[in-house]
Amino acid sequence: MPELPEVETVRRGLNRLVAGATIDHVEVFYPKMVTPDRDEFTAELIGRQIERIDRRGKYLLFRFSGDLTMVSHLRMEGKYDVQAEGSPITKHTHVVFHLKDDRELRYTDTRKFGRMRLVPTGQEAAEMPSLAKMGPEPTEEALTLAYMQTIFGKSHKVVKPFLLDQSRIAGLGNIYADEVLWLSKINPLTPADELTKAQLATLRRNIIEEMALAIQGHGTTVHSFSTAFGEAGQFQNHLHVYGREGEPCERCGTEIEKIKVAQRGTHFCPKCQPLPAAALEAFDRD
DNA sequence: GAAACTGTTTGAAT
DNA sequence: AATTCAAACAGTTT
(Lines give C-alpha, C1' and ligand atoms only; values in the text may rest on other atoms or scores of the structure.)
Protein backbone atom coordinates (compact mmCIF):
# COMPACT_ATOMS: atom_id res chain seq x y z
CA MET A 1 0.00 0.00 0.00
CA PRO A 2 1.94 2.93 1.23
CA GLU A 3 4.84 4.89 -0.12
CA LEU A 4 6.52 7.73 1.73
CA PRO A 5 3.66 10.27 1.47
CA GLU A 6 1.13 7.75 2.77
CA VAL A 7 3.40 6.70 5.66
CA GLU A 8 4.02 10.35 6.51
CA THR A 9 0.25 10.98 6.47
CA VAL A 10 -0.27 8.08 8.88
CA ARG A 11 2.55 9.37 11.10
CA ARG A 12 1.00 12.82 11.38
CA GLY A 13 -2.42 11.36 12.14
CA LEU A 14 -1.04 9.05 14.83
CA ASN A 15 0.90 11.87 16.44
CA ARG A 16 -2.35 13.82 16.80
CA LEU A 17 -4.34 10.82 17.99
CA VAL A 18 -2.11 8.79 20.30
CA ALA A 19 1.06 10.71 21.20
CA GLY A 20 1.01 11.03 24.98
CA ALA A 21 -1.24 8.00 25.49
CA THR A 22 -0.13 5.09 27.66
CA ILE A 23 -0.39 1.40 26.78
CA ASP A 24 -2.45 -0.72 29.16
CA HIS A 25 -1.83 -4.01 27.41
CA VAL A 26 -1.33 -5.40 23.91
CA GLU A 27 -2.95 -8.32 22.06
CA VAL A 28 -1.23 -10.01 19.13
CA PHE A 29 -3.41 -12.30 17.01
CA TYR A 30 -0.83 -13.10 14.31
CA PRO A 31 2.47 -13.82 16.06
CA LYS A 32 4.59 -13.87 12.87
CA MET A 33 3.99 -10.15 12.62
CA VAL A 34 6.01 -9.18 15.71
CA THR A 35 9.60 -9.41 16.97
CA PRO A 36 10.60 -10.45 19.57
CA ASP A 37 8.09 -13.24 20.05
CA ARG A 38 4.53 -12.53 21.14
CA ASP A 39 5.06 -13.02 24.87
CA GLU A 40 8.06 -10.73 25.08
CA PHE A 41 6.57 -8.19 22.67
CA THR A 42 3.39 -7.79 24.70
CA ALA A 43 5.21 -7.86 28.05
CA GLU A 44 7.69 -5.14 27.01
CA LEU A 45 4.95 -2.68 26.05
CA ILE A 46 2.80 -2.79 29.18
CA GLY A 47 2.70 0.61 30.88
CA ARG A 48 4.81 2.44 28.28
CA GLN A 49 3.85 5.89 27.10
CA ILE A 50 3.79 6.61 23.34
CA GLU A 51 5.97 9.73 23.31
CA ARG A 52 5.77 10.40 19.58
CA ILE A 53 5.92 8.73 16.19
CA ASP A 54 8.82 9.38 13.80
CA ARG A 55 9.42 8.14 10.25
CA ARG A 56 12.39 7.00 8.19
CA GLY A 57 11.65 6.16 4.57
CA LYS A 58 8.54 3.97 4.66
CA TYR A 59 9.12 2.90 8.27
CA LEU A 60 7.18 4.27 11.23
CA LEU A 61 9.16 4.61 14.48
CA PHE A 62 6.98 4.59 17.59
CA ARG A 63 9.00 6.14 20.42
CA PHE A 64 8.04 4.76 23.80
CA SER A 65 9.06 5.85 27.28
CA GLY A 66 12.08 4.00 28.61
CA ASP A 67 14.06 4.32 25.35
CA LEU A 68 12.14 1.65 23.48
CA THR A 69 11.24 2.03 19.79
CA MET A 70 8.78 0.00 17.75
CA VAL A 71 9.82 -0.06 14.11
CA SER A 72 6.71 -0.71 12.01
CA HIS A 73 6.46 -1.33 8.27
CA LEU A 74 3.05 -1.35 6.58
CA ARG A 75 4.27 -3.17 3.45
CA MET A 76 1.36 -3.47 1.01
CA GLU A 77 -1.83 -3.15 3.04
CA GLY A 78 -1.05 -2.27 6.65
CA LYS A 79 -3.23 0.32 8.40
CA TYR A 80 -3.46 1.86 11.83
CA ASP A 81 -6.65 3.24 13.28
CA VAL A 82 -7.94 4.29 16.68
CA GLN A 83 -11.28 3.12 18.06
CA ALA A 84 -13.14 3.18 21.35
CA GLU A 85 -12.24 0.25 23.60
CA GLY A 86 -14.35 -2.79 22.82
CA SER A 87 -15.62 -1.89 19.34
CA PRO A 88 -15.68 -5.13 17.36
CA ILE A 89 -12.42 -6.03 15.66
CA THR A 90 -12.38 -7.01 12.01
CA LYS A 91 -11.19 -10.20 10.37
CA HIS A 92 -7.82 -8.70 9.45
CA THR A 93 -6.94 -6.92 12.70
CA HIS A 94 -3.72 -8.53 13.91
CA VAL A 95 -2.45 -6.35 16.75
CA VAL A 96 -4.43 -4.26 19.26
CA PHE A 97 -2.73 -1.78 21.60
CA HIS A 98 -5.18 -1.13 24.44
CA LEU A 99 -4.68 2.38 25.81
CA LYS A 100 -5.34 3.47 29.40
CA ASP A 101 -7.80 6.12 28.17
CA ASP A 102 -10.33 3.54 26.93
CA ARG A 103 -9.29 3.69 23.32
CA GLU A 104 -7.39 1.14 21.30
CA LEU A 105 -4.82 1.56 18.55
CA ARG A 106 -5.28 -1.23 16.03
CA TYR A 107 -3.15 -2.61 13.25
CA THR A 108 -5.06 -4.16 10.35
CA ASP A 109 -3.44 -5.80 7.34
CA THR A 110 -5.31 -8.01 4.85
CA ARG A 111 -2.21 -9.56 3.35
CA LYS A 112 -0.30 -9.93 6.63
CA PHE A 113 2.92 -8.62 5.05
CA GLY A 114 3.47 -5.86 7.61
CA ARG A 115 5.99 -6.28 10.43
CA MET A 116 6.71 -4.59 13.76
CA ARG A 117 9.81 -4.94 15.86
CA LEU A 118 10.93 -3.64 19.23
CA VAL A 119 14.47 -2.27 19.49
CA PRO A 120 16.25 -0.05 22.01
CA THR A 121 15.95 3.56 20.83
CA GLY A 122 19.16 4.45 19.01
CA GLN A 123 19.88 0.85 18.05
CA GLU A 124 17.49 0.77 15.06
CA ALA A 125 20.21 0.69 12.42
CA ALA A 126 22.33 -1.76 14.38
CA GLU A 127 19.49 -4.27 14.52
CA MET A 128 17.92 -3.67 11.12
CA PRO A 129 20.11 -3.81 8.01
CA SER A 130 17.42 -2.23 5.85
CA LEU A 131 17.42 0.86 8.07
CA ALA A 132 21.21 0.93 8.18
CA LYS A 133 21.44 0.93 4.38
CA MET A 134 18.52 3.31 3.76
CA GLY A 135 19.28 6.07 1.27
CA PRO A 136 18.65 9.77 1.92
CA GLU A 137 15.15 11.15 2.38
CA PRO A 138 13.84 12.82 -0.80
CA THR A 139 14.26 16.36 0.48
CA GLU A 140 16.12 19.43 -0.71
CA GLU A 141 18.78 19.09 2.00
CA ALA A 142 19.30 15.33 2.07
CA LEU A 143 19.07 14.44 -1.62
CA THR A 144 21.80 16.46 -3.29
CA LEU A 145 22.50 16.54 -7.01
CA ALA A 146 26.09 15.48 -6.35
CA TYR A 147 24.84 12.36 -4.56
CA MET A 148 22.44 11.61 -7.42
CA GLN A 149 25.26 11.88 -9.95
CA THR A 150 27.43 9.54 -7.91
CA ILE A 151 24.89 6.76 -7.42
CA PHE A 152 23.31 6.89 -10.90
CA GLY A 153 26.71 6.98 -12.55
CA LYS A 154 27.72 3.76 -10.83
CA SER A 155 24.79 1.58 -11.89
CA HIS A 156 23.71 -0.02 -15.16
CA LYS A 157 20.37 -0.95 -13.66
CA VAL A 158 17.38 0.51 -15.49
CA VAL A 159 15.99 3.60 -13.83
CA LYS A 160 12.56 2.32 -12.76
CA PRO A 161 13.80 -0.42 -10.40
CA PHE A 162 16.71 1.84 -9.46
CA LEU A 163 14.22 4.36 -8.05
CA LEU A 164 12.44 1.62 -6.11
CA ASP A 165 15.67 0.62 -4.34
CA GLN A 166 15.34 2.10 -0.86
CA SER A 167 19.08 1.92 -0.25
CA ARG A 168 19.59 4.53 -2.99
CA ILE A 169 16.75 6.97 -2.27
CA ALA A 170 14.25 6.44 0.55
CA GLY A 171 10.51 6.48 0.07
CA LEU A 172 9.61 6.06 -3.60
CA GLY A 173 7.32 3.16 -4.52
CA ASN A 174 5.66 1.95 -7.69
CA ILE A 175 3.19 4.83 -8.11
CA TYR A 176 5.52 7.76 -7.47
CA ALA A 177 8.38 6.20 -9.44
CA ASP A 178 6.15 6.16 -12.54
CA GLU A 179 4.91 9.67 -11.81
CA VAL A 180 8.34 11.29 -11.37
CA LEU A 181 9.64 9.60 -14.53
CA TRP A 182 6.69 10.97 -16.53
CA LEU A 183 7.19 14.41 -14.99
CA SER A 184 10.86 14.23 -15.95
CA LYS A 185 10.23 12.82 -19.47
CA ILE A 186 12.52 9.87 -18.76
CA ASN A 187 11.80 6.39 -20.11
CA PRO A 188 11.55 3.83 -17.30
CA LEU A 189 13.91 1.47 -19.17
CA THR A 190 16.77 3.98 -19.40
CA PRO A 191 19.91 2.66 -17.68
CA ALA A 192 20.71 4.75 -14.60
CA ASP A 193 24.22 5.58 -15.87
CA GLU A 194 22.88 6.95 -19.16
CA LEU A 195 20.96 9.81 -17.57
CA THR A 196 22.56 13.19 -18.25
CA LYS A 197 23.34 15.65 -15.51
CA ALA A 198 20.46 17.81 -16.74
CA GLN A 199 18.07 14.84 -16.55
CA LEU A 200 19.26 14.02 -13.03
CA ALA A 201 18.68 17.62 -11.97
CA THR A 202 15.14 17.49 -13.40
CA LEU A 203 14.47 14.11 -11.82
CA ARG A 204 15.73 15.31 -8.45
CA ARG A 205 13.53 18.41 -8.57
CA ASN A 206 10.46 16.33 -9.48
CA ILE A 207 11.10 13.71 -6.78
CA ILE A 208 11.41 16.35 -4.08
CA GLU A 209 8.38 18.34 -5.26
CA GLU A 210 6.15 15.32 -5.90
CA MET A 211 6.76 13.88 -2.44
CA ALA A 212 5.95 17.23 -0.84
CA LEU A 213 2.78 17.68 -2.94
CA ALA A 214 1.58 14.15 -2.23
CA ILE A 215 2.07 14.70 1.51
CA GLN A 216 0.07 17.94 1.20
CA GLY A 217 -2.67 15.89 -0.48
CA HIS A 218 -2.63 13.35 2.39
CA GLY A 219 -1.35 10.58 0.14
CA THR A 220 -2.78 8.56 -2.72
CA THR A 221 -5.66 6.10 -2.35
CA VAL A 222 -5.92 3.73 -5.29
CA HIS A 223 -6.73 0.45 -3.56
CA SER A 224 -7.27 0.73 0.14
CA PHE A 225 -5.00 3.33 1.74
CA SER A 226 -6.58 5.33 4.52
CA THR A 227 -5.24 7.86 6.97
CA ALA A 228 -5.18 7.20 10.73
CA PHE A 229 -8.54 9.02 10.75
CA GLY A 230 -9.97 6.43 8.37
CA GLU A 231 -10.13 8.83 5.45
CA ALA A 232 -8.91 8.33 1.88
CA GLY A 233 -6.00 10.41 0.56
CA GLN A 234 -6.58 12.96 -2.19
CA PHE A 235 -3.47 12.79 -4.34
CA GLN A 236 -4.86 10.10 -6.70
CA ASN A 237 -6.61 13.02 -8.39
CA HIS A 238 -3.19 14.35 -9.38
CA LEU A 239 -1.67 11.21 -10.91
CA HIS A 240 -0.57 11.58 -14.53
CA VAL A 241 0.26 8.04 -15.62
CA TYR A 242 -0.29 5.49 -12.84
CA GLY A 243 -3.49 3.56 -13.56
CA ARG A 244 -4.10 5.58 -16.73
CA GLU A 245 -3.12 3.06 -19.38
CA GLY A 246 -5.06 3.68 -22.60
CA GLU A 247 -5.86 7.27 -21.65
CA PRO A 248 -4.33 10.21 -23.53
CA CYS A 249 -1.12 11.70 -22.15
CA GLU A 250 -1.88 15.09 -20.61
CA ARG A 251 1.06 16.63 -22.45
CA CYS A 252 0.84 15.16 -25.95
CA GLY A 253 -2.35 13.10 -26.27
CA THR A 254 -0.53 9.83 -27.00
CA GLU A 255 -2.03 6.78 -25.30
CA ILE A 256 -0.35 5.91 -22.00
CA GLU A 257 1.16 2.43 -22.11
CA LYS A 258 1.56 -0.13 -19.36
CA ILE A 259 4.47 -2.58 -19.47
CA LYS A 260 6.27 -4.80 -16.97
CA VAL A 261 9.66 -3.63 -15.77
CA ALA A 262 11.42 -5.77 -13.17
CA GLN A 263 8.11 -7.50 -12.38
CA ARG A 264 6.30 -4.26 -11.63
CA GLY A 265 3.52 -2.66 -13.65
CA THR A 266 5.02 0.45 -15.25
CA HIS A 267 3.08 3.30 -16.86
CA PHE A 268 4.59 5.80 -19.27
CA CYS A 269 4.01 7.92 -22.37
CA PRO A 270 5.86 6.39 -25.32
CA LYS A 271 6.13 9.78 -27.03
CA CYS A 272 7.11 12.06 -24.12
CA GLN A 273 9.38 9.44 -22.55
CA PRO A 274 11.37 8.00 -25.46
CA LEU A 275 14.17 5.52 -24.90
CA PRO A 276 17.56 7.13 -25.65
CA ALA A 277 19.19 5.86 -28.87
CA ALA A 278 22.05 4.17 -26.98
CA ALA A 279 19.64 2.25 -24.77
CA LEU A 280 17.53 1.32 -27.80
CA GLU A 281 20.54 -0.28 -29.49
CA ALA A 282 21.39 -2.29 -26.40
CA PHE A 283 17.77 -3.39 -26.26
CA ASP A 284 17.80 -4.52 -29.91
CA ARG A 285 20.87 -6.66 -29.37
CA ASP A 286 19.09 -8.70 -26.67
C1' DG B 1 -13.23 -20.70 -12.18
C1' DA B 2 -8.40 -20.28 -13.04
C1' DA B 3 -4.83 -17.07 -13.71
C1' DA B 4 -3.00 -12.76 -13.20
C1' DC B 5 -3.22 -8.43 -10.84
C1' DT B 6 -2.11 -5.47 -6.53
C1' DG B 7 0.88 0.64 -3.06
C1' DT B 8 6.74 -3.92 -0.45
C1' DT B 9 10.59 -6.18 1.21
C1' DT B 10 13.68 -10.25 1.89
C1' DG B 11 16.60 -13.97 1.25
C1' DA B 12 18.38 -17.19 -1.84
C1' DA B 13 20.40 -17.90 -6.20
C1' DT B 14 23.11 -16.32 -10.15
C1' DA C 1 29.20 -6.95 -5.55
C1' DA C 2 25.21 -6.29 -8.12
C1' DT C 3 20.95 -8.04 -9.78
C1' DT C 4 17.11 -11.06 -10.36
C1' DC C 5 13.34 -13.89 -8.77
C1' DA C 6 10.24 -16.20 -5.85
C1' DA C 7 7.94 -16.00 -1.59
C1' DA C 8 5.34 -14.03 2.22
C1' DC C 9 -0.74 -13.55 1.92
C1' DA C 10 -5.49 -12.37 0.65
C1' DG C 11 -8.51 -10.04 -2.13
C1' DT C 12 -9.96 -8.22 -6.73
C1' DT C 13 -9.93 -8.23 -11.74
C1' DT C 14 -9.55 -10.51 -16.29
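Residue numbering restarts at 1 for every chain, and letters A, B, ... go by the order of the sequence lines.
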[X] side-chain N/O to [N] phosphate OP1/OP2 under 4.0 Å:
{"X": "A/Arg115", "N": "C/dC9", "result": "no"}
{"X": "A/His73", "N": "B/dT10", "result": "no"}
{"X": "A/Lys260", "N": "B/dT6", "result": "yes"}
{"X": "A/Lys258", "N": "B/dT6", "result": "yes"}
{"X": "A/Lys157", "N": "C/dA2", "result": "no"}
{"X": "A/Ser167", "N": "B/dT9", "result": "no"}
{"X": "A/Thr110", "N": "C/dC9", "result": "no"}

Could you please spell out the steps behind the side chain to side chain contact (heavy atoms under 4.5 Å, CB included) verdict for A/Phe64 and A/Leu45?
-> CA-CA 8 Å; A/Phe64 292 107; A/Leu45 287 173; 3.6 Å; yes
Below 4.5 Å, heavy atoms only, C-beta onward: do A/Phe162 and A/His156 meet side chain to side chain?
->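 Contact flag for A/Phe162/A/His156 side chains = no.
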Could you check if a side-chain atom of A/Glu104 sits within less than 4.5 angstrom of a side-chain atom of A/Phe97, using non-hydrogen atoms only?
->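 Counting from C-beta outward, A/Glu104 and A/Phe97 never come under 4.5 Å.
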Report yes or no: is the cationic atom of A/Lys112 (NZ for Lys, CZ for Arg) under 6.0 Å from the centre of the six-membered ring of A/Tyr30, at an angle within 45° of the ring normal?
-> yes
Taking the six-membered ring of A/Trp182 as reference, does the NZ or CZ atom of A/Arg251 fall below 6.0 Å from its centre and within a 45° cone about the axis?
-> yes
Quick one: [X] [atom1] to [N] [atom2], roughly how many Å, whole number?
{"X": "A/Arg75", "N": "C/dA7", "atom1": "CZ", "atom2": "C1'", "result": "11 Å"}
{"X": "A/Ile259", "N": "B/dC5", "atom1": "CD1", "atom2": "C1'", "result": "16 Å"}
{"X": "A/Gln263", "N": "B/dT9", "atom1": "CD", "atom2": "P", "result": "15 Å"}
{"X": "A/Leu172", "N": "B/dT9", "atom1": "CG", "atom2": "P", "result": "11 Å"}
{"X": "A/Lys58", "N": "B/dT9", "atom1": "NZ", "atom2": "P", "result": "4 Å"}
{"X": "A/Phe225", "N": "B/dT8", "atom1": "CZ", "atom2": "P", "result": "13 Å"}
{"X": "A/Ile175", "N": "B/dT6", "atom1": "CD1", "atom2": "P", "result": "11 Å"}
{"X": "A/Lys32", "N": "C/dA7", "atom1": "NZ", "atom2": "P", "result": "14 Å"}

May I ask you to say what [X] touches in the nucleic acid, namely base, sugar-phosphate or nothing, with a heavy-atom cut-off under 4.0 Å?
{"X": "A/Tyr59", "value": "sugar-phosphate"}
{"X": "A/Lys154", "value": "nothing"}
{"X": "A/Arg168", "value": "sugar-phosphate"}
{"X": "A/Phe235", "value": "nothing"}
{"X": "A/Gly114", "value": "nothing"}
{"X": "A/Gln166", "value": "sugar-phosphate"}
{"X": "A/Tyr176", "value": "nothing"}

Which base sits across from B/dA12 as a Watson-Crick or G-U pair, both distances under 3.5 Å?
-> C/dT4
Could you measure between the two [atom1] atoms, the one in [N] and the one in [M], and give it in whole Å?
{"N": "C/dC5", "M": "B/dC5", "atom1": "P", "answer": "15 Å"}
{"N": "C/dA6", "M": "B/dA4", "atom1": "P", "answer": "13 Å"}
{"N": "C/dA7", "M": "B/dA3", "atom1": "P", "answer": "15 Å"}
{"N": "B/dG1", "M": "C/dC9", "atom1": "P", "answer": "24 Å"}

A/Arg205 bridged to A/Glu140 by N-O distance under 4.0 Å | yes
Select from A/Met128 and A/Arg111 the residue whose nearest nucleotide in DNA chain B is closer to the 5' end of that strand.
-> A/Arg111
Side chains of A/Thr22 and A/Lys100: is there a donor and an acceptor less than 3.5 Å apart?
-> no
Just compare C/dG11, C/dT3, C/dC9 and give me whichever is closest to any side-chain atom of A/Phe113.
-> C/dC9
